[in-house]
Amino acid sequence: MICVTHGIISSYSTERISHALCLPTSRVELHLRSRRRKYVPLAQAIAGGGDALTVDDATYAALELALMARRCGHAVSWFVNGSHVENRIEYFPFQISCMVDDTRAAACRFDGRTWNLKTMMGRRALRSHIKCQYMRMRSQGEIMELVDTVADSLQCDSKHAESSLRTVGTAELAKAVLAGVDLQNHGWGHLNPQGLSEEERTAEVMQNDEYLSQFRRAITPVFAPPFGQCVTRATPEYFVLLANRGLAPSYKEGNVINRGDFLLTASSRSRRDKVSPAEKDTLAA
Ligand SMILES: [Zn+2]
């Protein structure tokens with residue numbers, strides 16, 4: 001099995017939508033310290049030789065997990081977007097989630113409707129609606145307009161994500177590589193690849209590949225599409241890792257392989273995780 005998460009947060013709360021894809025630092029630390037079978041490099045896991053640990057998006061939460069895994073003797077692969085790192089662009093799904101979490105408004109107007117923000121259910125409904133909008137967007141400019149609109153609607157003073165969900169810089173990528181983290185390709189930007197043409201998708205992969213080559217030489221080139229759904233592209237030599245909760249985590253078809261949620265087994269799902277996998281999809285980065 002190849003596991004995926006988005007990082008660790010020491011102040012993790014199940015009441016925050018922005019934390020839904022991450023895990024509490026203490027729980028992960030316990031797991032990584034006590035797991036006797038170490039997570040193996042991606043190539044080995046793809047060949048059926050053990051489990052691999054992957055983390056998506058170039059945030060501090062992801063960096064912290066990757067470094068912790070290395071300290072505990074595990075292999076780990078980190079999927080990052082070069083344009084976000086190089087230009088310190090925040091990940092809009094986290095920006096939006098943090099605004100929805102932090103707004104003091106009891107209700108808001110968005111997209112012609114009034115949204116109740118007093119309950120988690122109401123906030124999650126708004127968050128899913130916003131996701132439907134950004135999944136259709138084809139440029140970072142459109143995304144930034146959406147972030148501005150959301151901030152206005154929610155009367156937020158700040159559009160920044162909380163500190164652990166902000167984007168790292170080049171120094172952090174270099175530090176991770178030095179610690180033995182396997183840096184991998186999540187696309188140049190973080191737009192939904194399903195909304196892009198095949199040429200645009202290929203350019204996203206190749207541009208990021210070139211960017212990442214200044215930090216490391218990938219032994220096994222792997223691409224994890226933003227939002228985790230399968231897309232066709234023109235460079236078949238890559239392994240493609242999905243994060244598709246509609247498919248079994250063990251799904252493998254040619255060079256396309258699915259991942260499963262890290263530390264979210266069937267038995268622990270209801271007890272430990274108040275957000276169902278289906279809901280996670282609606283909130284997902
Ligand atoms: Zn991502």
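Remember, it's 1-based here, ligands and their atoms both numbered in the order they're listed. In what follows, every heavy atom counts, from backbone to side chain, and hydrogens, waters and symmetry copies are set aside.
- Side chain to side chain, Asn208 and His186 fail the donor-acceptor criterion of an N or O pair below 3.5 Å.
- No side-chain donor from either of Arg88 and Thr167 sits under 3.5 Å from a side-chain acceptor of the other.
- Our summary of the site lists the angle at the Zn ion (ligand 1) between OD1 of Asp57 and NE2 of His190 as 100°, to the nearest 10 degrees.
- Inclusion of His186 in the first shell of the Zn ion (ligand 1) is supported: an N, O or S atom falls under 2.8 Å.
- Here Asp56 fails the criterion, with no N, O or S atom under 2.8 Å of the Zn ion (ligand 1).
- We find the CD-CZ distance between Gln194 and Arg201 to be 8.0 Å, quoted to the nearest 0.5 Å.
- Between the side chains of Thr54 and Arg259, a donor-acceptor pair is found at a separation under 3.5 Å.
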